[in-house]
Participant: 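Before I ask anything, let me first share the structure, which is written out below as C-alpha cells.
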Amino acid sequence: MAYWLLKTEPDEYSIDDLAKVDSFCWDEIRNYQARNLIRDQIKTGDFAFIYHSSCKQVGIAGIVEIISDGEIEQAQFNPEHAKFDPKATQEKPKWYSFQLKFKQKFNRIIPLSWIKQQPELEDMVLCKQGRLSVQPVTQPQWQFIIARAK
DNA sequence: GCCAACGTTGGC
DNA sequence: GCCAACGTTGGC
C-alpha cells in the first residue's frame, strides 16, 4: 500500500466538498510527472492526504482512500471541456485519473509552515518541489503527520 | 497581486 | 536537442 498527497484549491474543491459525496473522480491533472504516478503507481487501497493550496490556510486538511487504479481520463476527449487535449486519442490517451472517497477531515489544518519546520519531514516532496500536484508520501512521513493530527 | 521557481513550447 | 521565451503554480 502506498501513500500520496493531492493538492486542491479549496475555493474550487475542498475537503468539505469531498465529504459530501460517496466517491469522486480526481481528474484534470495536466502534468507529466503527476500523470506517470497516476498511470503507473496509484492503486486501489492506497491512501492520500488532501492538501489545500492557494488559500488562507495552506496545509493538509484530511485523508481520502484511493478506490481505483489509474484509469483513462475522459475530459481529454471532450472538445467542450476546458481540459480538452486535441492530441489525445482513444488509442493513445495522454492523461489519467482515479477514483477516491472521503475518509477523514482533520480537526485543524496541518499548516505547511509547521511541516517545513519538522526535521522528520524535510525530505517531503512538498518541501522540495513545490509544484507537483500529485506526489508520493513515505510511510514514516505519513505516520509522523497522522500522529500530529490526533 | 507579486513574483520566484518550475514546466512547456517551439524555432533553429 | 538546445535554450530562450512564455505560461503556470502557489506561497506570501
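Proteins come first, then strands; the chains are lettered A, B, ... in the order of their sequence lines, and each starts at number 1.
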Participant: Let me know the distance between CD of A:Q135 and C1' of C:dT9, rounded to the nearest Å.
Facilitator: 13 Å
Participant: Considering the options A:R30, A:R39, A:K83, A:R35, which one meets the salt bridge (Lys or Arg N to Asp or Glu O under 4.0 Å) requirement together with A:E73?
Facilitator: A:R30
Participant: Could you see if A:Y96 belongs to whatever hydrophobic cluster contains A:I42? Use Ile, Leu, Val, Met, Phe, Trp, Tyr and a side-chain cutoff under 4.5 Å.
Facilitator: yes
Participant: What side-chain hydrogen bond (donor to acceptor under 3.5 Å, both in side chains) pairs are there with at least one residue in residues 12-23 of chain A, not counting sequence neighbours?
Facilitator: A:S14-A:D17, A:D16-A:K105
Participant: Considering residues at least two apart in sequence or located in another chain, which fulfil the ring pair (Phe, Tyr, Trp, His ring centres under 6.0 Å) criterion with A:F49?
Facilitator: A:W142
Participant: Less than 6.0 Å separating the ring centroids of A:W95 and A:F77?
Facilitator: no
Participant: With respect to the phosphate group of C:dG10, does any side-chain polar atom (N or O) of A:K7 fall under 4.0 Å of OP1 or OP2?
Facilitator: yes
Participant: Please determine whether a side-chain nitrogen or oxygen atom of A:K56 lies at a distance below 4.0 Å from atom OP1 or OP2 of C:dG10.
Facilitator: no
Participant: What is the separation between atom CD on A:E28 and atom C1' on C:dT9, rounded to the nearest whole Å?
Facilitator: 16 Å
Participant: Specify the residue among A:K128 and A:K87 whose closest nucleotide of DNA chain B lies further upstream toward the 5′ end.
Facilitator: A:K128
Participant: Under 4.0 angstrom, heavy atoms only, what part of the nucleic acid is A:S53 near: base, sugar-phosphate, or nothing?
Facilitator: sugar-phosphate
Participant: Can you hop from A:V125 to A:V137 via hydrophobic side chains spaced under 4.5 Å?
Facilitator: no
Participant: So does A:Y51 get a side-chain nitrogen or oxygen closer than 4.0 Å to the phosphate oxygens (OP1/OP2) of C:dG11?
Facilitator: yes
Participant: Are A:Q129 and A:Q33 close enough that a side-chain donor and a side-chain acceptor fall under 3.5 Å?
Facilitator: yes
Participant: Rounding to an integer number of Å, can you tell me how far A:H52 NE2 sits from C:dG11 C1'?
Facilitator: 16 Å
Participant: For a quick check of understanding: with a heavy-atom distance under 4.0 Å over all strands, which category does A:E9 fall into, base, sugar-phosphate or nothing?
Facilitator: nothing
Participant: May I have the distance from A:R30 (atom CZ) to C:dG10 (atom P), rounded to whole angstrom?
Facilitator: 15 Å
Participant: Sugar-phosphate means primed atoms, P, OP1 and OP2; the rest is base. With that split, encode nucleotides 3-8 of chain C 5' to 3' as B, S or - using protein heavy atoms under 4.0 Å.
Facilitator: ----BB
Participant: Rounded to the nearest Å, what distance is computed from the CD1 atom of residue A:I109 to the C1' atom of nucleotide C:dG11?
Facilitator: 15 Å
